[in-house]
J.: 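Structure incoming, see below.
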Amino acid sequence: GENVEQHPSTLSVQEGDSAVIKCTYSDSASNYFPWYKQELGKRPQLIIDIRSNVGEKKDQRIAVTLNKTAKHFSLHITETQPEDSAVYFCAAPSGGYQKVTFGIGTKLQVIP
Amino acid sequence: GAVVSQHPSRVICKSGTSVKIECRSLDFQATTMFWYRQFPKQSLMLMATSNEGSKATYEQGVEKDKFLINHASLTLSTLTVTSAHPEDSSFYICSALRTGLSTDTQYFGPGTRLTVL
């Protein structure tokens with residue numbers, strides 16, 4: 001099955017700075033990598049995803065990069081705002097049909 | 001966007017009773033739904049894959065007879081925690097898979113906080 005490692009587990013940044021969260025995966029056949037944001041007590045929300053046929057995808061202040069050779073992908077948040085504070089999870093396909101394995105999560109705190 | 005509801009949002013029950021949690025996809029059909037369990041400050045752990053019209057597929061270590069899953073229609077999957085015990089207390093989240101031409105995406109329900117006394 002897929003093994004997804006995510007780091008850091010916690011991250012504090014000043015408002016306006018950038019935040020980067022990294023994940024590695026083990027299955028070279030994996031081809032879809034979503035990122036979810038989960039606020040306390042709420043559901044995970046898909047914020048961006050990337051497929052293996054591209055190396056980078058951007059949506060306003062959020063971007064994701066993928067290095068298939070190294071089997072890692074990263075979430076980049078620029079110009080962070082307090083409302084970006086949440087737990088972020090990366091995920092990768094986990095062998096079974098349409099299943100994904102989640103990383104352990106990164107708790108991001110944006111300090112005003 | 002895709003909307004997934006989950007009911008109830010919170011439930012408190014006595015040890016030994018059974019609790020049913022419903023997961024509905026409101027604006028799309030989902031042949032596949034997933035049930036997760038999340039402990040405080042931890043990641044989502046997949047419990048089982050719910051398939052419309054067939055038996056659920058359980059992850060290793062998840063008791064089938066303990067966590068009964070029924071996916072009777074394309075918009076509804078239910079998880080029943082049977083003979084609940086305090087160690088079953090957790091946050092249970094479902095997701096529904098929306099399939100598209102080029103992408104399949106999981107959309108999550110709001111979760112159910114189960115407390116077993």
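Chain identifiers are assigned alphabetically (A, B, ...) following the order of the sequence lines, protein sequences preceding nucleic acid strands; residue numbering begins at 1 within each chain.
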J.: Any idea how B/F108 and A/Y36 line up, ring-wise: parallel (<30°), tilted (30 to 60°), or perpendicular (>60°)?
T.: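 Perpendicular: the ring planes of B/F108 and A/Y36 meet at over 60°.
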J.: Please look at A/P44 and chain B and tell me whether the side chain, the backbone, both or neither of the residue comes under 4.5 angstrom of a heavy atom of that chain.
T.: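 Backbone plus side chain of A/P44, per the 4.5 Å heavy-atom cut-off to chain B.
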J.: Checking heavy atoms, do the side chain of A/Q45, its backbone, both or neither come under 4.5 Å from chain B?
T.: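 Neither part.
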J.: Does any donor atom in the side chain of B/S50 or B/S77 lie under 3.5 Å from an acceptor atom in the other side chain?
T.: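 Their side chains do contain a donor-acceptor pair, which is all the 3.5 Å distance test asks for.
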J.: Looking only at side-chain N and O atoms, does B/E52 offer a donor or acceptor that is under 3.5 Å from a partner on B/Q29?
T.: no
J.: Would you check if there is a donor-acceptor pair between the side chains of A/S85 and A/Q109 at a distance under 3.5 Å?
T.: no
J.: For the pair B/S43 (side chain) and A/G103 (backbone), establish whether a donor and an acceptor sit closer than 3.5 Å, ignoring hydrogens and angles.
T.: yes
J.: Does any heavy atom of chain A fall under 4.5 Å from the side chain of B/Q60, the backbone, both, or neither of them?
T.: neither
J.: Are there over 12 heavy-atom neighbours, none belonging to A/E79, within less than 6.0 Å of that residue's CD?
T.: no
J.: Is A/F89 close to chain B through its backbone or its side chain, or both, or neither, when contacts mean heavy atoms under 4.5 Å?
T.: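 Only the side chain of A/F89 comes within 4.5 Å of chain B.
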J.: Sort B/Q106 into side chain, backbone, both or neither according to what part of it lies under 4.5 angstrom from a heavy atom of chain A.
T.: both
J.: When heavy-atom pairs shorter than 4.5 Å are enumerated against chain B, which of A/I104, A/D49, A/L46 gives the highest number?
T.: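 Between A/I104, A/D49, A/L46, the count favours A/I104.
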J.: What part of B/L44 lies closer than 4.5 angstrom to a heavy atom of chain A: side chain, backbone, both or neither?
T.: both
